[in-house]
There are 2 protein chains.
Amino acid sequence: MTLTQLRYLVAISDAGLNITQAAEHVHATQPGLSKQLKQLEDELGFQLFARKGKSLANVTPAGQQVIDRARIILAEARNIRAIAANLRGDHQGELAITTTHTQARFVLPAAIAELKRLYPAIGVHLKPHGDAQVMGLFERGEADLAIISTTGAAPGDGVAVPLFRWRRVVVVPRGHALAGLQRPLRIEDLVGQPLVSYESSLRPESSLRRTFEEAGAVPNFACTSRDADLIKTYVRAGLGVGIFAEMALAEEDARDLKALEAGSLFPECTTWLVLRRDRVLRAYAAALAGLIAPQLDPRDLQRALNGEEPAAWPQPPYWRELPNAGFLPAALVA
Amino acid sequence: MTLTQLRYLVAISDAGLNITQAAEHVHATQPGLSKQLKQLEDELGFQLFARKGKSLANVTPAGQQVIDRARIILAEARNIRAIAANLRGDHQGELAITTTHTQARFVLPAAIAELKRLYPAIGVHLKPHGDAQVMGLFERGEADLAIISTTGAAPGDGVAVPLFRWRRVVVVPRGHALAGLQRPLRIEDLVGQPLVSYESSLRPESSLRRTFEEAGAVPNFACTSRDADLIKTYVRAGLGVGIFAEMALAEEDARDLKALEAGSLFPECTTWLVLRRDRVLRAYAAALAGLIAPQLDPRDLQRALNGEEPAAWPQPPYWRELPNAGFLPAALVA
DNA sequence: CAAGGTTACGTGGAGCGTAAGGATC
DNA sequence: GATCCTTACGCTCCACGTAACCTTG
């Protein structure tokens, strides 16, 4: 058993049991992989893949167990190389981030642009997904870090670091009946109104839905989407009242949209950076946290990953207090 | 980076940074290890060990991280080989068990003898320790399984499987004042009496101590030990009243000792088999569980380790109900 | 000088790629 | 015949052991 054999094995599994395709992925020849696979099977004494004629038909049950173990081994080997790269100050590599559309579209651009300026040699891969899927992808190991929001406790697995807090805004087209409201918005104002908001608000445990239920009402969604840009578009089209993250408001939205004074109508949200405990953090990944939320010291992240949980993370600032990114454009409220 | 290099690295670390000694452990030559270590350090780009002159003085901080990761890799490589060995029906290997003296001396002999009859090619290594240390050793990875008792919840880490339940017995020399007691023992009978019991009873959270405290008293220990044989010896010598596990009573003790009717004076204990989640169970290790406690199906253990936690383990029988081992010799009570 | 580590050298084996040889659809 | 896996062959490189050398108590 060698690391090469295990790498080939996982590559074959990931290529859908196509050895030829797997060989391209690992920059080797197909006979090379075939032979190493055979050797591994000979050493272990059983078939990792069920053959149908000469091609691979299935992973055997024991083969799947071996592949799972092999993934751990390869991940730890990558970790060792990451430790080495960090120590050498070798700042090249990849950074895969799962997050929601809102974060990817409105929060991350400034931070990632700055990150690329500091570390030109890295490749950043954004994987925007629905609220419900982000952590799943992350836990399946398809990303180095997740950036996700909750109204309350930190998300499940991994080390969660609070980046900033934010509120939802309620947005209507200029000229909408609610646009002229001379007092802070109340929940009753929204009952019965067609709403345009995030897809995740449809879930029964969503905090928006709960807010309505506490007032004895049920929200009436005209249209939902994961994409705040789309939500704004439908609000402009007059489909209803938009409710989405304040980060998604831009200066130019003031032309035709108005953000209503919603105060603490909906519970406050926290955006978290989530790291995998089993993955060594590259220096540039830790730097990203500091670029989004300057109150964080990247070294604290490294310490947290080593299990030395700091007693408590600093209370994260509000989005609009953040220097390089956050503001609720004054023109929108006026 | 190769598996061999990582094996050598860990061997050097385990040999106390003595390459020559490490080489013997891995059945290779010292120059071989020296060279592989150098190659690994060259590839990673930093020193894993701090050199003092030509000999290794210290592990560098990053080196320690690499060693920790390497241990995981090697453990998973062993797991893969274990999967293969199980599947091949290749029943040779080692089985390291951490447990307490009482289990090792009175519970395990019959089961392990039977195990060796079924699997003659295995090597069993018992590591008896104090109650407090067993789980520590186990969690440090120094054993494949732990066998440990608690009065209540399952012990911390790993998958815990209840084997059997048991009670403490109160034992006095024949001729002792309490030996003639014509009614069930009460806690007041023991208050003030010099006691001989397990070392772990000294701990403030011990269930024996708590039982006394609930009666408003404090136990008076004349002598403690981890070793039930020693406790019996000191009871015979007249140092006090013995309190220990019923498993430690043997037929021949009836000659000079008497077990008092203690009923449910002290809380019931459960003996658990604890498995590491991150370690593949060899077939013979699973078999051991069934040999101690026949109500267990070894296949359920495998399933539990795979994370398919069975809703609940069967309520374990009492020790004295177990077929091949448990009985409270009648002569002792009479 | 004893203990422990490094460097040098020759050998055997193993991994790789190229090329040819079956299966299966 | 197209696709995909296996077998065969030759080259290259690398891991290993032996032996000689160096360093430090």
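If you're wondering where the values come from, they're calculated on a predicted model, not measured in any experiment.
Note on B:Q30: every side-chain N or O is 4.0 Å or more away from OP1 and OP2 of C:dG4. Here B:Q36 does not reach the OP1 or OP2 of D:dC14: none of its side-chain N or O atoms lies under 4.0 Å away. Note on A:N18: every side-chain N or O is 4.0 Å or more away from OP1 and OP2 of D:dT3. For A:S34 and D:dC5, the shortest distance from a side-chain N or O to OP1 or OP2 is not below 4.0 Å. Contact check, B:T20 against C:dG5: a side-chain N or O comes under 4.0 Å of OP1 or OP2. The phosphate of C:dG4 (OP1 or OP2) has no side-chain N or O of B:Q21 nearer than 4.0 angstrom.
The distance from atom CZ of B:F49 to atom P of C:dT6 is 11 Å, rounded to the nearest whole Å. Residue B:E24 contributes atom CD, which lies 12 Å from atom C1' of C:dA3 at whole-angstrom precision. Per the geometry, CZ belonging to B:R51 stands 19 Å off P belonging to D:dC22, to the nearest Å. Here D:dT3 presents its C1' atom at 14 Å from NZ of A:K52, a figure rounded to the nearest Å. Going from atom CG of B:L37 over to atom C1' of D:dA15 covers 15 Å, rounded to whole Å. Atoms CZ (A:R7) and P (C:dC16) sit 8 Å apart, rounded to a whole Å. Atom pair A:L33:CG and D:dT7:C1' shows a separation of 16 Å (rounding to whole Å applied). A:Q47 has its CD atom 13 Å from the C1' atom of D:dC5, to the nearest Å.
When distances run from any side-chain atom of B:T29 to the nucleotides D:dG17, C:dT18, D:dT6, the shortest one goes to D:dG17. Distance from the side chain of B:S55 is smallest to C:dG5 among C:dG5, D:dC5, C:dG15. Out of C:dC16, D:dT18, D:dC5, the shortest distance to the side chain of B:P31 is found at D:dT18.
Among B:T100, B:D229, B:T99, B:D227, the single residue meeting the side-chain hydrogen bond (donor to acceptor under 3.5 Å, both in side chains) criterion with B:R105 is B:D229. Exactly one residue among A:D14, A:T60, A:V59 makes a side chain to side chain contact (heavy atoms under 4.5 Å, CB included) with A:I67. That residue is A:V59.
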side-chain hydrogen bond (donor to acceptor under 3.5 Å, both in side chains), that's the test. Do A:Q30 and A:S34 meet it? Break it down for me. CA-CA 6 Å; A:Q30 177 271 320; A:S34 266; 3.0 Å; yes
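Within a 6.0 Å radius of NZ in A:K116, other residues, nucleotides and ligands contribute more than 12 heavy atoms.
Among the atoms of the strands shown, only primed sugar atoms or phosphate atoms (P, OP1, OP2) are found under 4.0 Å from some heavy atom of B:Y8. Residue contacts shown for A:T4 are limited to sugar-phosphate atoms, with no base heavy atom under 4.0 Å away. Using a 4.0 Å heavy-atom cutoff across all strands shown, B:L17 reaches sugar-phosphate atoms only and no base atom. Among the protein residues, A:K35 comes within range of the nucleic acid bases, having at least one heavy atom under 4.0 Å from a base atom.
Residues A:Y119 and A:H91 bring their aromatic ring centres within 6.0 Å.
The main-chain N or O of A:D157 is never found under 3.5 Å from a side-chain atom of A:R277 such that the two would form a donor-acceptor pair.
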